[in-house]
Chemist: 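Submitted below is the structure of interest, expressed as structure tokens.
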Amino acid sequence: MKISANSRYFLTISYIFMLIYKVLLSGQYLYSVPNHFPILLLFPLSVILAGADFIVLFVFFKICDLFNKFKLLNWFYTLLFLSGVIFFFYDVALFQYFRAFNNYGLTKFLAYSSGEISRYVVYSMNIFFVGIIFSYFTSLVLMLISAIKNKPCLIKPFSDRVVHVLLAVNIVFCIGTAFLPFEETVWLEKSPIFEYFSTHILSSYYLDVNKEVESAEYPGITDEKENFPKVEFDFGATKGKNVIVVVIESTAFEKTPLGGDSRSNLLFLTDLPKKSISFISHRTVFPATTRSILSLFCSNNPGTDYESVTRITDSFDCVSVFDVFRKNGYSTSFFSPVLLDFDSFENLKMIKRIDHVFEPSEIIRTGSFKRQFGTETAIEEEIVQEDFFNYIQTVKSEEKPFFALYFPYWTHAPYEVPFEDTSKLGHLERYYKSQGYMNEKMNEFMNRLEKENLLENSVVIVTSDHGEGFGRKVGNFIHPNYLWDENIHVPFLIYAKGITDNSPKTVTNPTTVMDVTPTLAALAGIEPAESWIGNNMFEGRTNPVFIYTRAMNLHSGILDGNHKFFFNHVTGKNYYFDLRNDPLEEHNLADTLDKERLENLIKFINYKNFEINKTVETFHETSPDD
């Protein structure tokens, strides 16, 4: 098991650099995410979490020794280390982008461009990042000198005994840490390549399904029977009205005035609820945009694979809310300030059937925007709103009711604003800053609806596609990684001038994104599609719904009224919360479930993974005119 002297030297340099790199990156984590000392991975814990690095280095150099008769091998080591700078800097860029240690699989999942992410290397320039650069180039210089002189330089290589002891200890470290729960340790040691392999490639192994079961009945999380009252509402008063749906990106209920956040800048959600019907127990089923939006459009689950079904096949289709409104004489429109190329969204057949779609590809191509900062894939909300009102004027001249969905973007990570550089702020400060911009644009939007007399004959819905995590739960940052309520609990308000403002209500009945489309149809006085599985929110009925996430963690579960159960496919850990009595999910009740009920819940969830994907295969065979 011995390796040559040259290999031991290069192994020593590489391993020392990896230790320094992990310590500094951990310091960067504390610098950017304050008050998380319990998960600060500084030396010596970084030594433990660099165990996999040492094992890989040992195996690599052992293989290289098979070719040690070639004099150019030392230069090969050096060139390989030089090329490694791509991965080291990409790690830092990813971290700085999300203000947490997320992974390559996540960036692929969210469809961010590498150019956009790489800009955050520049924003990382502080003492920690300077230390990483200095240690890297110091290591590289030592390797170059050693390659030229063909002998060790400055640093004495590990002896064979030290190498063997380190190998044994690190194997023990790796085995030990493999059994620690991912979401509790945050696993800061994982590299982008390892993350991509472990979450993306192996996801088919983790996502077990029970294909032998022909059908599976929902087993019930608890024996408690919840009854929810109907919400009194005169649907005749809104029949035939225009419907305007505003889906604000990444808006966690608890980070709004509705959720009691005194620092939130979405101040329009202070006044609007006073004249609206507010459903304050509303949740999405998937904490990321594409599948949450598809669940809204289709009132159904759009697949449970690791990747969105829109990436897997361009044949996916459903009878969408746009189709149903269009069939009933409405003009349909969709407005987005961000490119619709995420998860190949722009290729969906249901999108192409919408009468008018505004997205910024041509404006970005020609540079005809005023945005000075922020993402390269979006434009300022002002341009989108101008197109909205121009199009609505055209529809008004045709004397047709309209259904419009507006998708404001700028509260999405990394929480930027188009006319101010916020890159030096902390992640939460940036979020509140982006909320301020969104609040300004929403006030302008509502005021113009009023000015152009559109509110008199319209129903306005304000909601979000998913929530956002800011570390209330350890390691939970941005949105797609977990199923905590931070990630899936979102606002939902219905405002109809002259109707809801005369009798505003706060409704505690639990509802989900599946219920949105049937509720919109009821408000307009039209029949819902047979394929929709949700309920009219006003009727007080709830169905158990499948919830899941496929990003940094692989979670699947059930949301049934005020009860939430889910489990981690990789670690096998179970979670059960009574959201009515424990809204912050501080008390995991999974241990209170008897063995048979727990087995039935997991069996049911595994079956739903299979059943939903099987259903997706037939979605494209369903005509929107059915």
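Every value quoted in this text rests on a predicted model; they were computed, and no experiment measured them.
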Chemist: Do His555 and Tyr482 get their side chains close enough for a donor-acceptor pair, meaning under 3.5 Å?
Modeler: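 Tyr482 and His555 do not have a side-chain donor-acceptor pair below 3.5 Å.
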Chemist: Taking atom CD1 of Ile547 and atom OG of Ser295, what is their separation to the nearest 0.5 Å?
Modeler: 12.0 Å
Chemist: Considering only heavy atoms from C-beta outward, does the side chain of Leu589 approach that of Asp582 to under 4.5 Å?
Modeler: no
Chemist: Hey, are the side chains of Leu598 and Asn574 touching, using non-hydrogen atoms and a 4.5 Å cut-off?
Modeler: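 Yes, close enough: below the 4.5 Å cut-off.
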Chemist: Report the residue from Ile171, Val163, Asn170 that forms a side chain to side chain contact (heavy atoms under 4.5 Å, CB included) with Phe58.
Modeler: Val163
Chemist: Please say whether more than 12 non-hydrogen atoms of neighbouring residues, nucleotides or ligands are located less than 6.0 Å from CD in Glu596.
Modeler: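 No, CD of Glu596 has 12 or fewer neighbouring heavy atoms, counting only those of other groups under 6.0 Å.
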Chemist: Can you tell me how far the OG1 atom of Thr284 sits from the CG atom of Asn487, to the nearest 0.5 Å?
Modeler: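 Between atom OG1 of Thr284 and atom CG of Asn487 there are 10.5 Å.
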Chemist: So how far is it from Asp465 CG to Ile488 CD1, rounded to the nearest 0.5 Å?
Modeler: 13.0 Å
Chemist: Using atom types as modelled and distance alone, determine if a side-chain donor or acceptor of Ser434 lies under 3.5 Å from a backbone N or O of Thr411.
Modeler: no
Chemist: How long is the span from the CD atom in Gln372 to the CG atom in Asp421, to the nearest 0.5 Å?
Modeler: 10.5 Å
Chemist: Looking at Val513 and Ser292, what are the two nearest heavy atoms and their distance?
Modeler: CG2-O, 3.7 Å
Chemist: Using a 4.5 Å cut-off on heavy atoms from C-beta on, say whether the side chain of Ser14 contacts that of Met143.
Modeler: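 Yes - at least one pair of side-chain heavy atoms lies under 4.5 Å apart.
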Chemist: Can you tell me how far apart CG (Asn609) and CD1 (Ile605) are? Round to the nearest 0.5 Å.
Modeler: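 Result: 8.5 Å between the selected atoms.
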Chemist: Would you call the rings of His412 and His466 parallel, tilted or perpendicular, taking 30° and 60° as the class edges?
Modeler: perpendicular
Chemist: Side chains of Thr375 and Val338, heavy atoms from C-beta outward: is any pair under 4.5 Å?
Modeler: no
Chemist: Between Glu254 and Arg472, is there a side-chain N and carboxylate O pair less than 4.0 Å apart?
Modeler: yes
Chemist: Just by distance, do the side chain of Asn568 and the backbone of Gly572 share a donor-acceptor pair under 3.5 Å?
Modeler: no
Chemist: Start with the C-alpha distance between Ser308 and Thr290, add both sets of side-chain angles, then the distance that settles side-chain hydrogen bond (donor to acceptor under 3.5 Å, both in side chains), and finish with yes or no.
Modeler: CA-CA 7 Å; Ser308 169; Thr290 301; 4.9 Å; no
Chemist: State which residues pass side chain to side chain donor-acceptor pair (under 3.5 Å) with Asp485; sequence neighbours excluded, sorted by chain then number.
Modeler: Arg283, Lys564
Chemist: Check whether the side chains of Thr289 and Glu249 place a donor and an acceptor atom closer than 3.5 Å, and report yes or no.
Modeler: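 Yes, because at least one side-chain N or O of Thr289 sits under 3.5 Å from a partner of the opposite role on Glu249.
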Chemist: Sub-3.5 Å donor-acceptor pair from the side chain of Tyr9 to the main-chain atoms of Cys153, do we have one?
Modeler: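 Looks like yes, one N/O pair under 3.5 Å.
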Chemist: Could you go through the side-chain contact (heavy atoms from CB on, under 4.5 Å) check for Thr304 and Arg550 one step at a time?
Modeler: CA-CA 8 Å; Thr304 66; Arg550 300 288 184 263; 3.9 Å; yes
Chemist: First locate atom OG1 of Thr377, then atom CG of Asp341, and finally report the distance between them rounded to the nearest 0.5 Å.
Modeler: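 With rounding to 0.5 Å, OG1 (Thr377) is 7.0 Å from CG (Asp341).
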Chemist: Looking at Tyr15 versus Phe54, is the centre-to-centre ring distance below 6.0 Å?
Modeler: yes
Chemist: Which heavy atom of Ser250 sits nearest a heavy atom of Ser464, and at what distance?
Modeler: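 Looking at all heavy atoms of both residues, the closest pair is N-OG, 3.6 Å.
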Chemist: For the residue pair Tyr432 and Leu425, establish whether any side-chain heavy-atom pair is separated by less than 4.5 Å.
Modeler: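 No; the side chains remain at least 4.5 Å from each other.
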Chemist: So Leu339 and Glu346, do their side chains get closer than 4.5 Å, heavy atoms only?
Modeler: no
Chemist: Report yes if some heavy atom in the side chain of Ile221 is under 4.5 Å from a heavy atom in the side chain of Leu601; otherwise report no.
Modeler: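 Counting from C-beta outward, Ile221 and Leu601 do come under 4.5 Å.
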Chemist: I need the minimum non-hydrogen distance between Phe158 and Leu11, along with the two atoms involved.
Modeler: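 Closest approach of Phe158 to Leu11: CD1-CD2, 4.1 Å.
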Chemist: When the ring centroid of Tyr548 is compared with that of Phe546, is the distance short of 6.0 Å?
Modeler: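 Yes, close enough.
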Chemist: Can you check whether Thr422's main-chain N or O pairs, donor with acceptor, with Glu416's side chain at less than 3.5 Å?
Modeler: no
Chemist: Do the side chain of Ser146 and the main chain of Lys151 share a donor and acceptor less than 3.5 angstrom apart?
Modeler: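 Between the backbone of Lys151 and the side chain of Ser146 there is a qualifying donor-acceptor contact (under 3.5 Å).
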Chemist: Do you know which two heavy atoms are closest between Ile364 and Glu376, and how far apart they sit?
Modeler: CD1-O, 3.7 Å
Chemist: With sequence neighbours left out, what residues match Tyr431 under ring-ring contact (aromatic ring centres under 6.0 Å, His included)?
Modeler: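 Expected list: Tyr415, Phe470.
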Chemist: Would you check, one step at a time, whether the test side-chain contact (heavy atoms from CB on, under 4.5 Å) holds for Leu579 with Leu559?
Modeler: CA-CA 10 Å; Leu579 301 174; Leu559 189 63; 4.0 Å; yes
Chemist: Measure across Leu294 and Val309 and return the closest heavy-atom pair with its distance rounded to 0.1 Å.
Modeler: CD1-CG1, 4.3 Å
Chemist: Is there a side-chain hydrogen bond (donor to acceptor under 3.5 Å, both in side chains) between Ser7 and Ser4? Walk through the geometry before answering.
Modeler: CA-CA 5 Å; Ser7 289; Ser4 66; 3.1 Å; yes
Chemist: What's the shortest heavy-atom distance between Asn301 and Val285, and which atoms?
Modeler: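 Asn301 and Val285 have their closest heavy atoms at ND2-CG2, 4.2 Å.
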Chemist: Do Val545 and Ile558 come within less than 4.5 Å of each other through their side chains, counting heavy atoms only?
Modeler: no
Chemist: Could you walk me through whether Glu585 and Lys473 pass the side-chain contact (heavy atoms from CB on, under 4.5 Å) test, one step at a time?
Modeler: CA-CA 9 Å; Glu585 299 170 304; Lys473 292 288 188 179; 4.0 Å; yes
Chemist: Would Tyr576 and His563 count as a side-chain contact (heavy atoms from CB on, under 4.5 Å) if you check the C-alpha gap in whole Å, the side-chain angles of each, and the deciding distance to 0.1 Å?
Modeler: CA-CA 7 Å; Tyr576 164 41; His563 298 275; 3.1 Å; yes
Chemist: Cation over ring, Arg291 on Phe286, under 6.0 Å and within 45°?
Modeler: yes
Chemist: Do His569 and Phe567 have ring centroids that are under 6.0 Å from one another?
Modeler: yes
Chemist: Are the ring centres of Tyr607 and Phe604 closer than 6.0 Å?
Modeler: no
